[in-house]
Amino acid sequence: VQLQASGGGLVQPGGSLRLSCAASGSIVSINAMSWYRQAPGKQRELVATATRGGTTTYVHSVKGRFTISRDNAENTVYLQMNRLVPEDTAAYYCNARQGFGVYWGQGTQVTVSS
């Protein structure tokens with residue numbers, strides 16, 4: 001399974017960005033798709049997860065600002081990020097779990113700065 005992420009960039013505080021991640025390859029049934037992020041000097045953290053059944057979870061710091069969604073037919077996951085703050089600056093990685101397999105996409109940089 002290959003994951004291709006896109007949508008990062010530079011945005012001012014209070015702005016919005018939408019990340020996308022499309023899965024391709026040997027896809028049978030992807031169980032969960034997630035977004036992680038890693039800021040310089042910090043550990044990678046789980047930001048949000050969307051299961052195939054529609055359950056979504058978020059890290060506390062993004063609740064009410066970020067929305068994860070997925071298109072099961074297109075094997076794509078999105079992360080709508082609103083009211084961005086400088087602390088959201090990080091490389092964002094998409095992640096997919098299928099059976100016992102865990103797959104990662106390349107990072108897409110999000111920078112929140114005035």
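L79 CG to F66 CZ: the interatomic distance, rounded to the nearest 0.5 Å, is 6.0 Å. If you take OG on S114 and CD on Q12, they are separated by 7.0 Å, rounding to the nearest 0.5 Å. Rounding to the nearest 0.5 Å places CG of L84 at 12.0 Å from OG of S113. To the nearest 0.5 Å, atom CD of residue E87 and atom NZ of residue K42 are 7.5 Å apart. Rounded to the nearest 0.5 Å, atoms CE (M33) and OG1 (T56) are 14.5 Å apart. Rounded to the nearest 0.5 Å, atoms CD1 (I30) and OG1 (T51) are 12.5 Å apart.
Side-chain atoms of D71 and T76 include no donor-acceptor pair closer than 3.5 Å.
Contact between S34 and L46 at its shortest, heavy atoms only, is CB-CD1, 3.8 Å. What you find for T108 and G8 is that their closest heavy atoms are OG1-N, 3.1 Å. Closest heavy-atom contact between A50 and R70: O-NH1, 3.1 Å. Considering all non-hydrogen atoms of both residues, L3 and A23 come closest at CD2-CB, 3.4 Å. The two residues D88 and R65 come nearest to each other via the heavy atoms OD2-NH1, 2.7 Å.
Cluster annotation: Y78 is not connected to V1 through the hydrophobic network of ILVMFWY side chains, with a link wherever side-chain heavy atoms come within less than 4.5 Å. A continuous path of Ile, Leu, Val, Met, Phe, Trp and Tyr side chains, each step under 4.5 Å between heavy atoms, connects V47 with L17, placing both in one hydrophobic cluster.
A side chain to side chain contact (heavy atoms under 4.5 Å, CB included) with W35 holds for exactly one of V62, V59, V77; it is V77.
With a 4.5 Å cut-off on side-chain heavy atoms, Q38 and E45 do not count as touching. Here the side chains of L19 and V110 are in contact, with some heavy-atom distance below 4.5 Å. Two residues are said to be in side-chain contact when any heavy atoms from C-beta on lie closer than 4.5 Å; V85 and P13 fail this criterion.
Between the side chain of R97 and the backbone N or O of V102 there is no donor-acceptor pair closer than 3.5 Å. Not one N or O on the side chain of Q80 forms a donor-acceptor pair closer than 3.5 Å with the backbone of R18. Side-chain atoms of T89 come within 3.5 Å of backbone N or O of V112 as a donor-acceptor pair. Side chain of Y58 to main chain of I68: a donor-acceptor pair is present (N/O by atom type, distance under 3.5 Å, no hydrogens or angles). Remark: side-chain polar atoms of Q109 are not paired, donor with acceptor, to backbone N or O of Y92 under 3.5 angstrom. A donor-acceptor contact shorter than 3.5 Å is absent between the side chain of N95 and the backbone of G105.
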Inset, instruction - Apply side chain to side chain donor-acceptor pair (under 3.5 Å) to Y36 and R44, showing your working. - result: CA-CA 7 Å; Y36 287 72; R44 189 173 294 189; over 6 Å; no

Inset, instruction - Could you give me the CA-CA distance, side-chain angles and deciding distance for S29 and R52, then say whether side-chain contact (heavy atoms from CB on, under 4.5 Å) is met? - result: CA-CA 8 Å; S29 178; R52 186 171 184 83; 3.6 Å; yes

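The aromatic rings of Y93 and W104 stand perpendicular to each other, their planes meeting at an angle above 60°, with 30° marking the opposite boundary.
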